[in-house]
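Data block below; observations after.
This chain uses plain numbering: 1 for the first residue, then up along the sequence.
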Amino acid sequence: RDPLNLSKKYLTKLAHADYMFALRELDVSHNNLTSLAGFSALVALEKVDLSHNKLHSLDGLEQCKNLTELDAAHNLIHNACGILACTKCRLRALSLQGNPLVTSSVYPACVVQSCPMLCRLDSKEL
């Protein structure tokens, strides 16, 4: 059950995701992803590192209902609408630090309300 590590590959999209339907862990950090098109095929995904990309939202994760750990730190997510896709996931750990969203005064409460199973937000226990 080794994670697939595609970090630092200058990716702009995840190609052939439909062949990765059984994948449980994926690292696509430090790339140039601007969207999560194709991620809906990753139905078995439990852990994903999307940090250090150019994402404005997490749209595309709606079908990843087994997702428990998500690192989307250091992207371009500006508002709560950008994380709505996570409401269908079973997230227990989420990192969004370094996104413009975290400067909002309602940030922590909004995230906790959207992800009721969350135990850790931005490396802090809840």
Rounded distance (nearest 0.5 Å) linking atom [atom1] of [X] with atom [atom2] of [Y]:
X	Y	atom1	atom2	answer
C119	L91	SG	CG	10.5 Å
H78	T103	NE2	OG1	9.5 Å
Q97	S51	CD	OG	9.5 Å
L14	L42	CG	CG	6.0 Å
S40	D59	OG	CG	11.5 Å
K54	S35	NZ	OG	13.0 Å

With a 4.5 Å limit on heavy-atom distance, are the side chains of [X] and [Y] in contact?
X	Y	result
L96	I83	yes
D49	L26	no
L126	L118	yes
T34	L55	no
K8	S29	no
L50	V28	yes
D27	S7	yes
L61	K88	no

Short side-chain to backbone donor-acceptor contact, N99 and A72, under 3.5 Å: yes
Exercise: identify the closest heavy-atom pair between [X] and [Y]:
X	Y	answer
G60	A85	N-CB, 4.4 Å
S104	P108	O-CD, 4.4 Å
A80	C110	CB-SG, 3.3 Å
K9	N31	N-OD1, 2.9 Å
H30	N53	N-ND2, 4.1 Å

Could you see if [X] belongs to whatever hydrophobic cluster contains [Y]? Use Ile, Leu, Val, Met, Phe, Trp, Tyr and a side-chain cutoff under 4.5 Å.
X	Y	result
L4	L36	yes
L11	L23	yes
V48	M20	yes

Lys/Arg N to Asp/Glu carboxylate O, R24 vs E46, below 4.0 Å: yes
Option from V106, V102, L94 for which side chain to side chain contact (heavy atoms under 4.5 Å, CB included) with V111 holds: L94
Single hit among N66, L45, L67 for side chain to side chain contact (heavy atoms under 4.5 Å, CB included) with C89: L67
Step-by-step side chain to side chain donor-acceptor pair (under 3.5 Å) determination, D122 to Y107: CA-CA 11 Å; D122 298 332; Y107 162 69; 2.6 Å; yes
K65, NZ: over 12 other non-hydrogen atoms inside 6.0 angstrom: yes
